[in-house]
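A quick note: this is a predicted structure, and the numbers were derived from the prediction, not measured. Chain letters run A, B, ... following the sequence lines, proteins first, then strands; residues in each count from 1.
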2 protein chains.
Amino acid sequence: MAAMQAVPLDKASRLLNHGPTVLVGSAHAGRANVMAAAWAMPLDFTPPKVAVVIDKATLTRELVEASGVLSICVPCVGQADLTRAVGGESGKDHPDKLQRCGVSCEFGPHTGCPLVHGAIAWMECRVLPATAHVAGPHDLILAEVVSAWADERVFSGGRWHFESAPEELRSLHHVAGGMFYAVGSPIKPVRE
Amino acid sequence: MAAMQAVPLDKASRLLNHGPTVLVGSAHAGRANVMAAAWAMPLDFTPPKVAVVIDKATLTRELVEASGVLSICVPCVGQADLTRAVGGESGKDHPDKLQRCGVSCEFGPHTGCPLVHGAIAWMECRVLPATAHVAGPHDLILAEVVSAWADERVFSGGRWHFESAPEELRSLHHVAGGMFYAVGSPIKPVRE
């Protein structure tokens, strides 16, 4: 079982710095959802902020707009099928989507949004005011990270260490059509 | 030598979909610059759009704001030192930064921005109007992709194929402090 450790907020941007595909969690008025998103990135270091594209047609977007909060989880190779599943159907069509897709989760203490068990990082976020200008034309949600955790087997001392953990704990990077690459080998400075 | 082939615009988002670190190129009034940026992602499919964070303190930001255009190149493992070099010093301090960092380039036909030789993908982009709302508070630049090319050894048929090419052509994913991961192994659907 993963041991999720708190990540200091000034290191939270590191969780997305290498460009992994993420799971976006949302909750409002007794409904909760999780979807996959490849278009997410850090936006600032301190306080940590993130940017993520969430289509208007999704239940996630509806819940995020209603609540003003969201979660971002980083799924791993062992969750590739789960990531495809939550990316492939809508919570609008299937109110029981989380059960259907095999998502086990807990709910964040600050936002009430789903934190997916088995993911290698979790962040709870609050939507930023500037989102009002870019959500309409570009489906772009800007948010501040208010809490973060990561699996200590792959993230410690403020950075990822995938090379010393099992392959199934590596992050996923979506290419197209349900095909991902796992993150690969470390490329260290030659000149050091 | 790389053979850069045109990428259809409806497939251009694929070039950034897996979250690589990029090189941002800029040019205005006889000055040109290239910097590294880990915070870049697709923003739309058709027409293709991208979002990238460019700090106010950089020469790149100054040139992009003056010209309204930029380029985004995807560097590869063989360019890790070049990527660190252009990420480590400012064109404001060193007017000869491109030569100092060993950057060989040509200039895009639509924007005049640098397209770095040896990179595995190139995009020319025009800044979008909504940038006016998010560049000030969040250093976020939104842009439409107007032309794209990729190295046919690693990108063909509208998607990346890193597994069939030399390791040095894989994309870079910045972790922290000049340490990258290369993109790794393909993770295909088990259920197919």
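- Using a 4.5 Å cut-off between heavy atoms, A80(B) touches chain A through its side chain atoms alone.
- Within the 4.5 Å cutoff, the side chain of L140(A) has heavy atoms near those of the L142(B) side chain.
- The CE atom of M179(B) lies 6.5 Å from the NZ atom of K188(A); values are rounded to the nearest 0.5 Å.
- Through direct or relayed side-chain contacts under 4.5 Å between Ile, Leu, Val, Met, Phe, Trp and Tyr, L63(B) connects to L59(B).
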After noting the C-alpha distance and the side-chain angles of N17(A) and W39(B), does the key distance pass the side-chain contact (heavy atoms from CB on, under 4.5 Å) rule?
CA-CA 7 Å; N17(A) 208 76; W39(B) 299 357; 2.6 Å; yes
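- Summarising the geometry, atom OH belonging to Y181(B) is positioned 8.5 Å from atom OG belonging to S171(A); distances are rounded to the nearest 0.5 Å.
- By the rule that hydrophobic residues join a cluster once side-chain heavy atoms approach within less than 4.5 Å of another member, I72(A) and L9(A) end up as members of one cluster.
- Linking Ile, Leu, Val, Met, Phe, Trp and Tyr whenever their side-chain heavy atoms come within less than 4.5 Å leaves F45(B) and L15(B) in two separate clusters.
- Only the backbone of V52(B) comes within less than 4.5 Å of a heavy atom in chain A; its side chain stays farther off.
- In the hydrophobic clustering of this structure, M123(B) groups with M35(B); members are Ile, Leu, Val, Met, Phe, Trp, Tyr whose side-chain heavy atoms approach within less than 4.5 Å, directly or through other members.
- Ranked by heavy-atom pairs shorter than 4.5 Å toward chain A, the options R14(B), K49(B), H138(B) are led by H138(B).
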Please assess H18(B) against H173(A) for the test ring pair (Phe, Tyr, Trp, His ring centres under 6.0 Å), listing each intermediate value before the final yes or no.
CA-CA 5 Å; H18(B) 70 301; H173(A) 299 255; 7.3 Å; no
Could you check I187(B) against R170(A) for side-chain contact (heavy atoms from CB on, under 4.5 Å), going step by step and ending with a plain yes or no?
CA-CA 11 Å; I187(B) 307 293; R170(A) 289 179 182 250; over 6 Å; no
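- Using a 4.5 Å cut-off between heavy atoms, L16(A) does not touch chain B at all.
- Ranked by heavy-atom pairs under 4.5 Å with chain A, the list G178(B), P42(B), A40(B) is led by P42(B).
- For chain A, the option among V175(B), L43(B), V183(B), V53(B) with the highest count of heavy-atom pairs below 4.5 Å is L43(B).
- In this structure, V74(B) is not a member of the same hydrophobic cluster as F180(A), with clusters built from ILVMFWY side-chain heavy atoms closer than 4.5 Å.
- Residue W160(B) is grouped with residue V22(B) when hydrophobic side chains (ILVMFWY) are merged at heavy-atom distances under 4.5 angstrom, including chains of intermediate members.
- What you find for S185(B) and E167(A) is that their closest heavy atoms are OG-OE2, 4.2 Å.
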